Visitor: 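Quick one: the structure is below, and I'll ask about it shortly.
One-based numbering, in listed order, for ligands and for the atoms of each. Model, not experiment: these values are computed from the prediction.
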Amino acid sequence: MERLKDSIYQLIVETSTNLPPDVRRAIVKAREHEDAGTRAALSLSTIAVNIEAAEVNQSPICQDTGMPTFEVKTPIGANQIEIKKAIHEAIALATKNGKLRPNSVDSLTGENTGNNLGEGTPVIHFEQWENEEVEIRLILKGGGCENKNIQYSLPCEIDGLGRAGRDLDGIRKCILHSVYQAQGQGCSAGFIGVGIGGDRTTGYALAKEQLFRKVNDVNPNADLARLENYIMETANQLGIGTMGFGGQATLLGCKVGATNRLPASFFVSVAYNCWAFRRQGVTLDATTGEITSWLYKDEQVQVTTEEDKQKSGEQRKTVVLQQPISEEQIRDLKVGDVVVIDGTMHTGRDALHKYLMDNDCPVDLQGGVIYHCGPVMLKDEDGKWHVKAAGPTTSIREEPYQADIIKKFGIRAVIGKGGMGPKTLAGLKEHGAVYLNAIGGAAQYYADCIKNVDGVDFMEFGVPEAMWHLNVKGFAAIVTMDAHGNSLHADVDKSSFEKLAQFKEPVFK
Ligand SMILES: O=C(O)C[C@H](O)C(=O)O
Ligand code: SF4
């Protein structure tokens with residue numbers, strides 16, 4: 001199998017950089033149904049531009065290249081140890097080449113292994129089959145959408161929908177609620193895989209397995225097919241929309257599977273995947289390791305339109321902010337305004353926020369901008385760092401710290417995605433700061449705005465968690481929480497909850 005490592009490397013690069021046609025088709029369809037000129041339509045346009053930039057640059061679609069999970073089928077007699085070794089080598093190489101972000105972190109020490117290899121990573125599942133070829137499927141599911149996975153144990157009470165019993169209608173309520181609770185935080189519009197039954201572990205495994213199905217396939221079980229169609233139609237009436245900005249497209253795909261359960265247990269497990277739904281698959285010649293076919297590439301689908309470039313141009317005719325930003329500039333902004341950042345910004349996410357609570361900051365953040373982002377970085381031969389992918393991370397994780405950090409350091413703008421909670425909203429009002437929502441997953445689009453890496457602190461936190469000092473030009477984001485107590489996220493949560501409650505009555509008797 002002399003070609004094995006090379007073939008797996010190709011699979012990894014394709015998965016990280018080239019969204020499969022069925023996923024692209026779902027995004028094209030969502031675009032067709034979105035009302036022109038809305039925030040959701042503009043975001044979808046940015047997403048489309050990003051998808052094509054990633055393909056052209058052969059760079060990650062999203063900076064969070066997820067937990068690499070391989071599903072491998074081998075003919076009887078194939079050497080699984082050799083395959084595992086080739087997967088490990090290919091993963092390390094793809095990380096070194098900036099196709100994957102170093103994402104394997106020691107849970108106790110917080111240390112990043114730097115090459116995506118470590119205890120439990122990557123995930124590899126082997127199964128034997130009676131075919132002659134080897135089949136390898138790969139999914140790169142990021143952490144933000146993984147955090148929005150949810151498991152229900154029936155019977156239960158579901159907020160807004162009432163009692164969910166151990167039947168198809170109870171399952172229906174769980175799935176609808178799972179979409180509501182994700183809001184925009186898993187970079188909607190999303191795809192869900194649902195596992196009915198099993199135990200807690202196999203239920204989630206079944207849910208994730210559903211994500212390997214093609215978006216447009218038809219469930220062979222008539223009841224489940226009906227359920228999938230119902231969910232697609234209904235979830236898209238919740239009005240959560242792209243990135244939780246409100247809009248028509250909330251769910252792009254729903255795949256449901258069932259497995260037997262114990263008499264005492266009845267789990268409904270939901271795996272939520274962002275729009276950056278990265279999965280590919282190949283078959284390999286079992287003797288040479290050569291790729292013989294690609295499993296998801298049935299046609300070329302273009303997601304951008306002629307108008308996309310023009311639209312992103314329009315988006316830029318807005319307020320420009322540059323450090324030091326004054327309180328007056330911030331108080332002038334309101335929810336819905338589009339701003340453009342020029343000049344300095346600093347990345348900071350989980351480790352940094354925790355650290356800054358009790359320590360000083362190595363740079364002056366007065367009037368400054370913090371970007372919730374863990375980029376993919378590459379160092380060139382001269383030791384200079386370059387940004388390969390740099391979209392926002394989910395901001396809500398910083399909710400316990402953000403208001404205090406804003407106050408302590410005089411920060412004026414926080415950029416992230418998915419919005420933040422009441423404590424931050426009050427902090428923004430009190431100290432004169434804004435929350436700006438960038439388009440989650442649009443990592444190429446934002447990397448393009450970063451003109452220079454001015455420096456880095458806290459490399460000991462690992463590449464994604466380090467504090468990168470960036471110089472940007474034309475970095476556009478939308479004000480979704482202003483300094484007057486308004487939050488688009490709170491508004492969309494409230495209105496989508498009201499819509500959810502309209503689906504309380506039984507549908508599947
Ligand atoms: O870790 C990241 O960069 C992003 C993460 O996938 C998220 O959605 O919050
Ligand atoms: S940032 Fe968004 S698009 Fe990227 S992995 Fe996280 S949820 Fe997915």
Side-chain angles (χ1 to χ4, degrees), residues 15-17 19 23 26-27 43-44 46-51 53-54 59-69 98 100-105 110 112 116 121 139-149 179 181-193 208 211 240 242-245 250-253 271-279 303 347-353 370-377 387-399 414-420 437-447 461-468 477:
T15 311
S16 178
T17 65
L19 225 45
V23 173
I27 292 171
S43 308
L44 280 168
T46 303
I47 285 171
V49 169
N50 186 74
I51 291 168
S59 279
I61 294 163
C62 173
Q63 76 290 338
D64 184 0
T65 53
M67 172 69 90
T69 304
L100 294 176
R101 185 177 71 183
N103 256 0
S104 178
V105 179
N112 193 315
N116 273 309
T121 46
I139 187 165
L140 298 172
K141 184 173 186 290
C145 58
E146 185 69 14
N147 291 349
K148 298 320 291 185
N149 289 4
V179 178
Q181 62 87 40
Q183 290 291 301
Q185 290 172 2
C187 292
S188 58
F191 298 80
I192 52 173
K208 197 159 182 178
L211 295 173
I240 296 166
T242 302
M243 294 316 297
F245 292 162
T250 296
L251 193 63
L252 300 175
Y272 188 95
N273 206 110
C274 48
W275 65 261
F277 183 11
R278 289 153 288 172
R279 57 115 168 81
V303 280
T347 67
R349 46 181 292 168
D350 310 72
L352 185 80
H353 278 75
I370 278 281
Y371 181 25
H372 296 160
C373 169
V376 178
M377 305 293 295
V387 181
K388 302 310 285 180
T393 190
T394 318
S395 302
I396 196 71
R397 298 192 306 270
E398 314 320 332
E399 180 67 6
V414 173
I415 311 175
K417 58 124 172 151
M420 301 191 74
N437 206 307
I439 313 297
Q444 291 306 309
Y445 179 81
Y446 293 114
F461 293 165
V463 167
E465 299 278 352
M467 186 182 204
W468 296 95

Visitor: Roughly how far, to the nearest 0.5 Å, is CD1 of I47 from SG of C62?
Guide: 10.5 Å

Visitor: As an exercise, state the distance from CH2 of W275 to CD1 of I439, rounded to the nearest 0.5 Å.
Guide: 9.5 Å

Visitor: List in chain and number order the residues that pass side-chain hydrogen bond (donor to acceptor under 3.5 Å, both in side chains) with S395, two or more places apart in sequence or in another chain; answer none if no residue qualifies.
Guide: H372, Y435

Visitor: I need the N103 CG to T121 OG1 distance, nearest 0.5 Å.
Guide: 9.0 Å

Visitor: Counting neighbours of NZ on K388 that are heavy atoms of other residues, nucleotides or ligands and sit closer than 6.0 Å, is the number greater than 12?
Guide: no

Visitor: With atoms numbered from 1 as shown, which atoms in ligand 2 lie under 4.0 angstrom from a non-hydrogen atom of R278?
Guide: 5 (S)

Visitor: Taking only heavy atoms of the protein into account, state which residues are under 4.0 angstrom from an atom of ligand 1, in chain and number order.
Guide: Q63, D64, R101, G143, G144, R349, T393, T394, R397, K417

Visitor: Could you walk me through whether W468 and V387 pass side chain to side chain contact (heavy atoms under 4.5 Å, CB included), step by step?
Guide: CA-CA 10 Å; W468 296 95; V387 181; over 6 Å; no

Visitor: Which of the protein's N, O or S atoms come within less than 2.8 Å of atom 2 (Fe) of ligand 2, not counting waters?
Guide: C187 SG

Visitor: Give the minimum heavy-atom separation between P392 and Y371, together with the two atoms involved.
Guide: N-OH, 3.1 Å

Visitor: For the residue pair S43 and T242, confirm or rule out a side-chain donor-acceptor distance under 3.5 Å.
Guide: no

Visitor: Please enumerate all residues that pass side-chain hydrogen bond (donor to acceptor under 3.5 Å, both in side chains) together with N149, with sequence neighbours excluded.
Guide: K141, E146

Visitor: Testing the basics here: between C373 and P375, what is the closest heavy-atom pair and its distance to 0.1 Å?
Guide: O-CD, 3.7 Å

